[in-house]
Novice: 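Quick one: structure below, then a few questions.
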Amino acid sequence: GRVIFSGIQPTGVPHLGNYLGALSNWVRLQKTAAPEDELFFSIVGWHALTLPQDPDTLAASRKDLLATLLAIGLDPKRSILFHQDHNPVHTELAWILSCLTPIGKLRRMTTWKTRLAASRNANDESEVDESLLNAGLFTYPVLQAADILAYRATHVPVGEDQTQHLELCRDLADIFNRTSGRPIFPLPSQLNTISRRILSLRDPTSKMSKSSPDLQSRILLTDTAAQIKSKIRSAVTDSTPGITYDPLARPGTSNLLTILSACTDEDVHAVAGRYEGKGHGHLKADVAEAVEDLLKGPRTEFERIRHEKTFLEAVAKAGAERARERSEATMVCVRELLGLDS
Ligand code: TYM
């Protein structure tokens with residue numbers, strides 16, 4: 001059977017990009033998985049620490065994210081839902097892998113290069129100030145590899161922004177297998193059943209993101225119908241008459257078509273065809289309605305589950321126990337191969 005693993009950072013309520021790009025695939029996988037497939041979905045609190053976090057906000061986000069995973073239809077009896085920070089094996093394996101990771105590979109990570117570019121010396125553009133960046137941001141992909149390899153996962157459903165991290169994970173699995181002389185780690189493949197990159201509603205040249213300061217740029221899973229309507233209405237498009245799907249020339253318009261087709265589970269070109277002679281107002285009204293239809297159920301469920309404190313705690317505890325047990329089997333092998341078992 002397959003071992004499916006994925007993770008999401010607890011940095012606030014997930015947005016429509018997380019949902020359409022990742023979380024809805026998790027639910028779909030849970031529905032279509034064979035009985036012998038194992039599914040792991042983790043809330044990765046340690047990854048969130050690479051950026052400054054307010055402790056109370058982080059604590060609330062971790063709980064709310066678990067409630068969200070349940071609200072969208074993940075079943076804790078079928079899938080192992082757990083907090084990464086409840087299983088110390090992730091950090092143990094991350095350390096071991098970091099000792100096998102060439103620094104040059106980490107320097108080539110796009111996310112690192114973006115951070116580096118953002119911290120260029122204000123006085124001298126050519127000088128990069130690494131002293132402002134923490135080591136966790138740099139080794140972030142190694143921890144992500146450990147998350148995956150601890151369960152010897154074979155498939156990882158993530159959006160395309162994670163492709164490079166997954167390539168590194170495969171590299172590290174391969175290095176470990178070759179240096180230890182035993183192929184204990186499968187090389188996991190990316191599973192983007194439906195790869196959709198949802199863009200910012202305010203700046204359709206960048207992805208919809210949790211970290212953008214502009215709240216109008218993203219739709220949250222908890223947004224009301226009125227909030228959804230207002231955010232879609234103010235979405236940046238273009239002044240070309242009519243509607244066509246052209247992601248390069250018309251990123252804003254195409255993003256709305258992507259969202260609509262994802263909500264209604266249709267081909268984006270078929271959707272675009274229906275709006276050819278229509279205006280942006282018409283398209284936006286329909287997108288807002290489709291998004292509301294999609295999010296209404298999960299939102300209601302979330303508001304109910306988030307207050308069930310005892311239930312949520314029980315789910316987190318049971319998930320952590322199963323995760324620890326499964327990863328311990330991997331670590332027994334890993335420690336033995338390294339001479340760390342006695
Ligand atoms: P994170 O928390 O940033 O995002 C969670 C998932 O959402 C996808 N995603 C998007 N998809 C489409 N359009 C968007 N605008 C968009 N924004 C985010 C991401 O591709 C991801 O699948 N490093 C990971 C978390 C992680 C992980 C792991 C994932 C840690 N360990 C192990 C898989 C396996 C991250 O920051 O995701």
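Counting convention: from 1, in listed order, for ligands and their atoms alike.
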Novice: Any N/O of R197 closer than 3.5 Å to an N/O of ligand 1?
Specialist: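 By distance alone, the answer is no.
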Novice: Give me the residue, atom name and distance of the protein heavy atom closest to atom 27 (C) of ligand 1.
Specialist: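 I find the closest protein heavy atom is Q144 NE2, 3.4 Å.
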Novice: Can you tell me how far NZ of K231 sits from CG of L220, rounded to the nearest 0.5 angstrom?
Specialist: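 Here the interatomic distance stands at 4.5 Å.
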Novice: Specify the protein heavy atom at minimum distance from atom 8 (C) of ligand 1: its residue, its atom name, and the distance to 0.1 Å.
Specialist: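 It is A22 CB, 4.0 Å.
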Novice: With L93, which of L172, L149, D147 fulfils side-chain contact (heavy atoms from CB on, under 4.5 Å)?
Specialist: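 So the option named by the test is L149.
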Novice: Could you list the atoms of ligand 1 found under 4.0 angstrom from a heavy atom of Y140?
Specialist: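 What qualifies from ligand 1 is 23 (N), 24 (C), 35 (C), 36 (O).
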Novice: Yes or no: does E160 have any heavy atom under 4.0 Å from an atom of ligand 1?
Specialist: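 So E160 does not count as touching ligand 1.
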Novice: Enumerate the atoms of ligand 1 whose separation from the nearest heavy atom of K207 is less than 4.0 angstrom.
Specialist: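 Here the atoms of ligand 1 in question are 15 (N).
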Novice: Which protein heavy atom lies closest to atom 9 (N) of ligand 1, and at what distance to 0.1 Å?
Specialist: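 Ranking protein heavy atoms by distance from atom 9 (N) of ligand 1, first comes N18 ND2, 3.8 Å.
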Novice: What part of I148, side chain, backbone, both or neither, has a heavy atom within less than 4.0 angstrom of ligand 1?
Specialist: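 Only the side chain of I148 comes within reach of ligand 1.
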Novice: Measure the distance from atom 25 (C) of ligand 1 to every protein heavy atom, then report the residue, atom name and distance (to 0.1 Å) of the closest one.
Specialist: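 The closest heavy atom on the protein side is G7 O, 3.7 Å.
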Novice: Say whether K210 and ligand 1 are in contact under the criterion: heavy-atom distance to a ligand atom below 4.0 Å.
Specialist: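 Contact check K210 vs ligand 1: positive.
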Novice: With only distance considered, is V44 within less than 3.5 Å of ligand 1 through an N or O on each side?
Specialist: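 Such a contact does not occur with ligand 1.
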Novice: I'd like to know whether F5 forms a ring pair (Phe, Tyr, Trp, His ring centres under 6.0 Å) with H155, so could you lay out the CA-CA distance, the side-chain angles of the two residues, the decisive distance to 0.1 Å, and finally the verdict.
Specialist: CA-CA 6 Å; F5 184 98; H155 294 81; over 10 Å; no
Novice: Looking at Q9, which atoms of ligand 1 are within less than 4.0 Å of one of its heavy atoms?
Specialist: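 Checking each atom against Q9, I get 2 (O), 35 (C), 36 (O).
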Novice: Would you say I198 and ligand 1 have an N/O pair spaced under 3.5 Å apart?
Specialist: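 Yes; the residue has a nitrogen or oxygen that sits under 3.5 Å from a nitrogen or oxygen of the ligand.
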Novice: Using distance alone, decide if ligand 1 has a nitrogen or oxygen within less than 3.5 Å of any nitrogen or oxygen in S6.
Specialist: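 So ligand 1 has no N or O lying under 3.5 Å from an N or O of S6.
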Novice: Taking salt bridge (charged side-chain N to carboxylate O under 4.0 Å, His left out) as the definition, give me every residue that meets it alongside E336, ordered by chain and number, with sequence neighbours left out.
Specialist: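 E336: no salt bridge (charged side-chain N to carboxylate O under 4.0 Å, His left out) contacts found.
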Novice: Does the side chain of N87 come under 3.5 Å of the side chain of S327 through a donor N or O and an acceptor N or O?
Specialist: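 A pair is found: one side chain offers a donor N or O, the other an acceptor, under 3.5 Å apart.
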Novice: Would you mind checking if E301 and R306 are paired as a salt bridge, meaning a charged N to carboxylate O distance below 4.0 Å?
Specialist: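 No, R306 and E301 are not salt-bridged.
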Novice: To check you understand the geometry: which heavy-atom pair defines the closest contact between I184 and C333, and what is its length?
Specialist: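 It is CD1-CB, 4.2 Å.
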Novice: Quick one: does F5 get an N or O within less than 3.5 Å of an N or O on ligand 1?
Specialist: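 No - when backbone and side-chain N and O of F5 are compared with those of ligand 1, no distance drops under 3.5 Å.
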Novice: Could you state the interatomic distance from CD (Q190) to OG1 (T163), rounded to the nearest 0.5 Å?
Specialist: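 It comes to 3.5 Å.
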Novice: In the protein, which heavy atom is nearest to atom 10 (C) of ligand 1, and how far is it?
Specialist: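 Here the closest protein heavy atom is G17 O, 3.6 Å.
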Novice: Could you check atom 22 (O) of ligand 1 against the protein and tell me its nearest heavy-atom contact, residue, atom and distance included?
Specialist: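 Checked against all protein heavy atoms, atom 22 (O) of ligand 1 sits closest to G159 N, 3.2 Å.
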Novice: Of all the atoms in ligand 1, which lie at a distance below 4.0 Å from a heavy atom belonging to I8?
Specialist: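 What qualifies from ligand 1 is 2 (O), 5 (C).
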Novice: Which ligand 1 atoms, with their elements, are less than 4.0 angstrom from a heavy-atom of G21?
Specialist: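 The list of qualifying atoms is 11 (N), 12 (C).
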Novice: Once you measure the plane-to-plane angle for F82 and F40, does it fall in the parallel (<30°), tilted (30-60°) or perpendicular (>60°) bin?
Specialist: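 Perpendicular: the ring planes of F82 and F40 meet at over 60°.
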Novice: If you count the atoms of ligand 1 from 1 in the order shown, which ones are under 4.0 Å from a heavy atom of V156?
Specialist: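 Within the 4.0 Å cut-off of V156, ligand 1 contributes 33 (C), 34 (C).
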Novice: Between Q162 and ligand 1, find which residue part has any heavy-atom pair under 4.0 Å and reply side chain, backbone, both or neither.
Specialist: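 Q162 to ligand 1: side-chain contact only, backbone stays beyond 4.0 Å.
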Novice: Quick check on side-chain contact (heavy atoms from CB on, under 4.5 Å): which of N255, L256, T258 does L199 satisfy it with?
Specialist: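 Per the side-chain contact (heavy atoms from CB on, under 4.5 Å) rule, the option paired with L199 is N255, out of N255, L256, T258.
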Novice: Does any N or O atom in D147 lie less than 3.5 angstrom from one in ligand 1, N or O only?
Specialist: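 Yes; at least one N/O pair falls below 3.5 Å.
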Novice: Which ligand 1 atoms does H47 reach within 4.0 Å, using its non-hydrogen atoms?
Specialist: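 Near H47, the atoms of ligand 1 are 30 (C), 31 (N).
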Novice: Could you tell me, atom by atom, which parts of ligand 1 come under 4.0 Å of a heavy atom of H15?
Specialist: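 So the answer, numbered in order with elements, is 17 (N).
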Novice: Return the closest protein heavy atom for atom 12 (C) of ligand 1 as residue, atom name and distance.
Specialist: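 The answer is R196 O, 3.0 Å.
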Novice: Is the H307 to F302 ring centre distance short of 6.0 Å?
Specialist: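 No, ring centres 6.0 Å or more apart.
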Novice: Looking only at side-chain N and O atoms, does D75 offer a donor or acceptor that is under 3.5 Å from a partner on Q30?
Specialist: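 There is no such pair (donor and acceptor under 3.5 Å, judged by atom type) between the side chains of Q30 and D75.
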Novice: Looking only at protein heavy atoms, identify the closest one to atom 20 (O) of ligand 1 and say how far it is in Å.
Specialist: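 Going atom by atom, the protein heavy atom closest to atom 20 (O) of ligand 1 ends up being D161 OD1, 2.4 Å.
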